[in-house]
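Only a predicted model underlies this, so the values are computations on that prediction, with no experimental measurement involved.
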Amino acid sequence: MTVMEGTAPTRIHPTAVIDPSAEIGPGCDVGPYAVVRAGVQMGANCRIGAWSSVGPWVRLGRDNTVYDHAAVGGDPQDKSWRGEPTWLVLGDGNQVREFATLNRGTSKGDGVTRIGNRNLFMACSHVAHDCTVGDGCVFANNVLLAGHVFVEDGAILNGAAGVQQFTTVGRLAYVGGLTRIVHDVPPYMIVEGNPAKVRKPNVVGMQRAGVPEERIAAVREAHRMLFRSKRPQSEVLDELVGRADASPETLELVAFLRRVEKGANGRAREKK
């Protein structure tokens, strides 16, 4: 075990089990009976709670908190995995709450599950192999991501929502509780139900993110044209791009939906 020097003291409980190859950053706190496995690289000021497990082959940025009984970096739950070394990489300021599980990647992806910054994974949530999560996302209790899911910045997934493999959840999207997601979720939209449907724009989410009101109004109009009219989607997408007042959010929504059209089964990342 290598403990990095810094101005803040590093605290490791005497009952914690830490692999000799692990690197622990300055100011970290490793709690009772925690297990830090081979190849872990932990940035400064991370907190690892009691009875939690980190690794093997996990890179943590700084200021991450892994709460009691969480499992960060478990083996991928994929039958094709044959024990080859793969990684889980987290950025800074993430919170992984009790009994949450984040798994490493597989060689079917690029060998890495990637988590960005300032995400909250509430109790019993699960991120499977080869997923990518952006920044500032919230996963409520019991949210489940299957493998190869992409969650873009600022998305919120509410309790017990389940997301099928190769699905993309767009930026600042809001997924209702108990929702079954099998198709890509457009950015800036509220989606809920089984089957899931786009209900309305995520106005509150856009306001909190600092999107100007005139651009929120443009997303409202795009929602009306795309999801409330009976016009062909391709025709509406062309019209939205050609509008002189097209906002960056509207153009992002258009590009997202065009990628979905090219994918399979309503999922842009799944090949036909």
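Counting only distance, with no hydrogens or angles, the side chain of T10 and the backbone of G27 share a donor-acceptor pair below 3.5 Å. Checking side-chain atoms of T113 against main-chain N and O of G105 turns up a donor-acceptor pair under 3.5 Å. The main-chain N or O of R104 is never found under 3.5 Å from a side-chain atom of D75 such that the two would form a donor-acceptor pair. A donor-acceptor pair is defined here as one N or O able to donate and one able to accept, closer than 3.5 Å; no such pair exists between the side chain of R267 and the backbone of T168. A donor-acceptor contact shorter than 3.5 Å is absent between the side chain of N103 and the backbone of H129.
Nearest heavy atom pair, residue L172 against residue A209, reads CD1-CB, 3.7 Å. Between Q164 and T167 the shortest heavy-atom distance is O-OG1, 2.8 Å. The heavy-atom pair separating T250 from S247 by the smallest distance is OG1-OG, 2.9 Å. Taking each heavy atom of A34 and G49 in turn, the nearest pair found is CB-O, 3.6 Å. What you find for A100 and V96 is that their closest heavy atoms are CB-CG1, 3.7 Å. The minimum heavy-atom distance between V191 and T179, with the atom names listed, is O-OG1, 4.2 Å.
Note that CG of L240 and CG of D245 are 9.5 Å apart. Values are rounded to the nearest 0.5 Å. To the nearest 0.5 Å, atoms CG (D29) and CD1 (I48) are separated by 9.0 Å. M42 CE to C28 SG: the interatomic distance, rounded to the nearest 0.5 Å, is 5.5 Å. Taking CG of L102 as the start and NE2 of H126 as the end, the distance is 8.5 Å to the nearest 0.5 Å. Residue D92 holds its CG atom at 6.5 Å from CG of D63, rounded to the nearest 0.5 Å. The CH2 atom of W81 lies 12.5 Å from the CG atom of D130; values are rounded to the nearest 0.5 Å.
For S107, the side chain to side chain contact (heavy atoms under 4.5 Å, CB included) partners are E84, not counting sequence neighbours. Shown here are the side chain to side chain donor-acceptor pair (under 3.5 Å) partners of N194, two or more places apart in sequence or in another chain: there are none.
Put simply, V163 and V198 are part of the same group of oily side chains (I, L, V, M, F, W, Y) that touch within less than 4.5 Å, one to the next.
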Please step through side chain to side chain contact (heavy atoms under 4.5 Å, CB included) for the pair Y188 and R215, ending with a clear verdict.
-> CA-CA 11 Å; Y188 311 109; R215 285 157 54 179; over 6 Å; no
Apply side chain to side chain contact (heavy atoms under 4.5 Å, CB included) to the pair F166 and N265, showing each step before the final yes or no.
-> CA-CA 10 Å; F166 293 101; N265 305 310; over 6 Å; no
Test T132 against E152 for side chain to side chain contact (heavy atoms under 4.5 Å, CB included), laying out the working first.
-> CA-CA 8 Å; T132 298; E152 296 181 350; over 6 Å; no
Begin from the C-alpha positions of V72 and L88 and carry the test side chain to side chain contact (heavy atoms under 4.5 Å, CB included) through to its verdict.
-> CA-CA 8 Å; V72 175; L88 169 67; 3.4 Å; yes
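A heavy-atom distance below 4.5 Å is not found between the side chains of K79 and T106. Looking at heavy atoms from C-beta onward, H183 lies out of side-chain contact with V260 at the 4.5 angstrom threshold. When side chains are defined from C-beta on, E192 does not count as touching L178, because their heavy atoms never get closer than 4.5 Å. Counting only heavy atoms from C-beta outward, the side chains of M189 and V219 approach each other to under 4.5 Å. Within the 4.5 Å cutoff, the side chain of D68 has no heavy atoms near those of the W51 side chain. Here the side chains of E221 and M225 are in contact, with some heavy-atom distance below 4.5 Å. Side chains of C124 and F99 form a contact here, defined as non-hydrogen atoms less than 4.5 Å apart. Using a 4.5 Å heavy-atom cutoff, the side chains of L237 and E261 are in contact.
Cluster partners of V138, using a side-chain heavy-atom cutoff of under 4.5 Å among ILVMFWY residues and allowing indirect links, are L120, M122, I156, Y174, I190.
R97 forms a cation-pi arrangement with Y67, by the criterion of a distance under 6.0 Å to the ring centre and an angle within 45° of the ring axis.
We find that D238 and R258 are joined by a salt bridge, their nearest charged nitrogen and carboxylate oxygen being less than 4.0 Å apart.
The local environment of CZ in R180 is sparse, with at most 12 non-hydrogen atoms from other residues, nucleotides or ligands closer than 6.0 Å. The number of heavy-atom neighbours closer than 6.0 Å to CZ of R199, taken from other residues, nucleotides and ligands shown, is above 12. No more than 12 heavy-atom neighbours from other residues, nucleotides or ligands sit within 6.0 angstrom of OH on Y33.
Here the rule is side-chain hydrogen bond (donor to acceptor under 3.5 Å, both in side chains) with N119, and of D153, N94, D135 only N94 fits it.
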